[in-house]
Amino acid sequence: MSDRQPLSGTLPLLRLYIAGDSPGARRALANRKRLIRALDGAINIEIIDILSTPEAAEKAGILATPTLSDDATDPPRRLIGDISNITEVLSYFGYRRKDAP
Amino acid sequence: MNRKHGLAEVLEPFDDSRLTSISQPSFRLLIENTADGVLVVDLSGAVLYANPAACGILGHSRDKLLHVPLGRPMTGGETAEITVHRPDSRPAEVEMRVVEVTWDGEPALLASLRDISARRAQDERQRQSQKLEAIGRLTAGIVHDFNNLVAVFESGLRLLERQLAQDPGDPKVGKFIEELLERTQNGRALTQRLLAFSRRQTLSPQATDLNERIRSLSSLLERALGSGVQIRLELHSDVGEVLIDPDQLDTAILNLAVNARDAMAGRGVLTIETRLDALGDLETGEGLNESFARATVADTGCGMGKEVLAQVFEPFFTTKGEGEGTGLGLSQVYGFVTQSGGQIRIDSNVGSGTAVHLYLPRIHPDQAGPT
């Protein structure tokens, strides 16, 4: 898998589907920040709370949360569950972290 | 092995020769009937296999699951918790475990899913009932204190009524009204305490003239305890100021006095004594004696035996009849004294009365500031 580079002017986009303010959601949000830091801000991770926008989750076919999704690929590339292993998560989506070896 | 059956082959096979005698259809039967959801997902996150329990937990048919991009399951440690959103039913809290397997010769992930919603709901109900219990305890304590206050008001108003009938111009009338008005502050202080409890605020200890506070309370005690109880004050002038919440002290003295009245069945002597005193056999170490002032509330009542003494500080412990006591009076006293950094001791014997000693942290004259 080659390193993906952002197109000029636009940041690559991932979506983080969470549900409300559960402990799992809070952990996922904290990990989202770590992911963005690990890429030195060169990524946009949109947060979608499926409790407030259930139709968005249904349209995307999200069965469970937290799910981190690259909806730009077909089929969408997704991780479900715990996303605290930053290196592994980024590698799965084809990125290499910029803050550490 | 087993590829043609589409069953998972664990990377490090469990070595138990007895398993070889179990047929593959039997293994399939186990997986298909286990209560835990079993999913096999390829590395790109597509579902390869789902057992009936997994279909139930995820709320979709096997055919549907095989066609949705579920995603690659990941756990940070041993397990991860996910929330499953099912069409037309409540979200389920699901515990997920993931192991690496090979499936039809390809690396894959086996996720086992367990619906822990019921367990979570049970935990939540338990937390809720603990909270309700605490609120109930608090309410009972406040009711107890308010009842004492109401008793003070009732006797004060009776006196006032009598005085007005006899001689409305007597300066005592104004004095009664003034004292009752002062007691309304106690009611306000109680609600403040309710707030403080619910917010877990600390008490507000301040330099308090112990003798003065007790003196100002005594005229009310006289009325609240009834004419059968004689009140004797033995206040030593050298005790000075103590660092306590004065409203809590009032409540504590009131609680002790009400207990004393009940122990004396309405007839006897209530003695309130203050003095600088050695802590005696209390395990306080040396050099602490001068740091404490003692306030003792003693009665000439029925006293308590050892069994009762051992339990008196427990919340809800009461020897009073149904509807007469909450068992929270002494636990308030205990809470107040210990939170103030003081100590409490009870001397009592059956038939020879009870003395409750409150050791309160003293402010030395050179420490005392304006109150």
Side-chain angles (χ1 to χ4, degrees), chain A residues 1 14-32 34-35 47-94, chain B residues 37 39 41-47 50 54-62 64-100 107 109-117 120-121 123-124:
Chain A
M1 215 180 302
L14 295 182
R15 290 199 176 99
L16 177 62
Y17 295 87
I18 56 163
D21 191 32
S22 65
R26 282 199 292 273
R27 266 199 304 279
L29 290 175
N31 285 324
R32 170 185 172 270
R34 291 174 60 215
L35 286 167
I47 302 164
I48 297 178
D49 183 349
I50 75 167
L51 295 187
S52 50
T53 53
E55 65 285 351
E58 202 180 324
K59 194 174 154 211
I62 299 295
L63 295 189
T65 54
T67 289
L68 185 61
S69 179
D70 183 350
D71 291 339
T73 62
D74 188 25
R77 198 168 177 78
R78 286 174 178 164
L79 279 180
I80 179 170
D82 185 287
I83 52 167
S84 58
N85 189 331
I86 301 299
T87 306
E88 207 174 312
V89 169
L90 290 179
S91 150
Y92 180 72
F93 288 105
Chain B
L39 281 178
V41 180
D42 73 14
L43 296 188
S44 71
V47 176
C55 299
I57 288 170
L58 294 171
H60 289 286
S61 69
R62 196 177 309 207
K64 170 89 190 288
L65 288 179
L66 294 177
H67 289 96
V68 292
L70 176 73
R72 181 161 155 182
M74 277 186 104
T75 59
E78 210 171 303
T79 63
E81 273 178 34
I82 57 173
T83 308
V84 172
H85 306 272
R86 300 172 289 197
D88 308 322
S89 76
R90 295 165 59 86
E93 300 300 316
V94 172
E95 187 180 83
M96 177 174 76
R97 288 165 194 266
V98 181
V99 291
E100 292 175 5
L109 298 163
L110 185 148
S112 51
L113 308 174
R114 179 170 293 178
D115 190 336
I116 54 169
S117 304
R120 278 290 138 76
D123 290 349
E124 184 54 40

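All values reported here derive from a predicted model rather than from experimental measurement. Each chain gets a letter, A, B and so on, in the order the sequences are listed, and its residues count up from 1. These values consider heavy atoms only, across backbone and side chains, with no hydrogens, waters or symmetry-generated copies.
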message = With a 6.0 Å cut-off (strictly less than), is the heavy-atom count around CZ of B/Arg114, excluding the residue itself, greater than 12?
response =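 Counting other residues, nucleotides and ligands, CZ of B/Arg114 stays at 12 neighbours or fewer.
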query = Do other residues, nucleotides or ligands put more than 12 heavy atoms under 6.0 Å from B/Glu78 CD?
reply =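 No, the 6.0 Å shell around CD holds no more than 12 heavy atoms from other groups.
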key: Structural part of B/Thr75 lying under 4.5 Å from a heavy atom of chain A   =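 Only the backbone of B/Thr75 comes within 4.5 Å of chain A.
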Candidates B/Val47, B/Val68, B/Ile57, B/Ile82 - the one meeting side chain to side chain contact (heavy atoms under 4.5 Å, CB included) with A/Leu63 = B/Val68
query = Can you tell which of A/Leu68, A/Ile80, A/Val89 makes a side chain to side chain contact (heavy atoms under 4.5 Å, CB included) with B/Met74?
reply =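 Only match with B/Met74 under side chain to side chain contact (heavy atoms under 4.5 Å, CB included): A/Val89.
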query = Distance-only, no hydrogens or angles: does the A/Arg78 side chain make a donor-acceptor pair with backbone N or O of B/Gly45 under 3.5 Å?
reply =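 Checking the backbone N and O of B/Gly45 against the side chain of A/Arg78, no donor-acceptor pair under 3.5 Å is found.
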query = When only pairs under 4.5 Å are counted, which of B/Pro73, B/Ala80, B/Ala46, B/Pro69 shares the most heavy-atom pairs with chain A?
reply =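 Of the candidates given, the most pairs with chain A belong to B/Pro69.
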message = Looking at chain A, which one of B/Val94, B/Leu43, B/Leu70 has the largest number of heavy-atom pairs inside 4.5 Å, strictly under?
response =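 Maximum pair count with chain A is reached by B/Leu70.
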task = Report the option among A/Ile18, A/Leu51, A/Leu79 that has the most heavy-atom pairs separated by less than 4.5 Å from atoms of chain B.
result =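 Looking at each option in turn, the highest pair count goes to A/Leu79.
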task = Count the heavy-atom pairs under 4.5 Å between each of A/Ser69, A/Ala64, A/Pro66, A/Ala28 and chain B, then report the option with the highest count.
result = A/Ala64
query = Which bit of A/Thr65 is near chain B, if near means a heavy-atom gap under 4.5 Å: side chain, backbone, both or neither?
reply = both
request  = Considering non-hydrogen atoms only, spot the tightest contact between B/Ser44 and A/Arg77 and give its length.
outcome  = CB-NH1, 4.3 Å
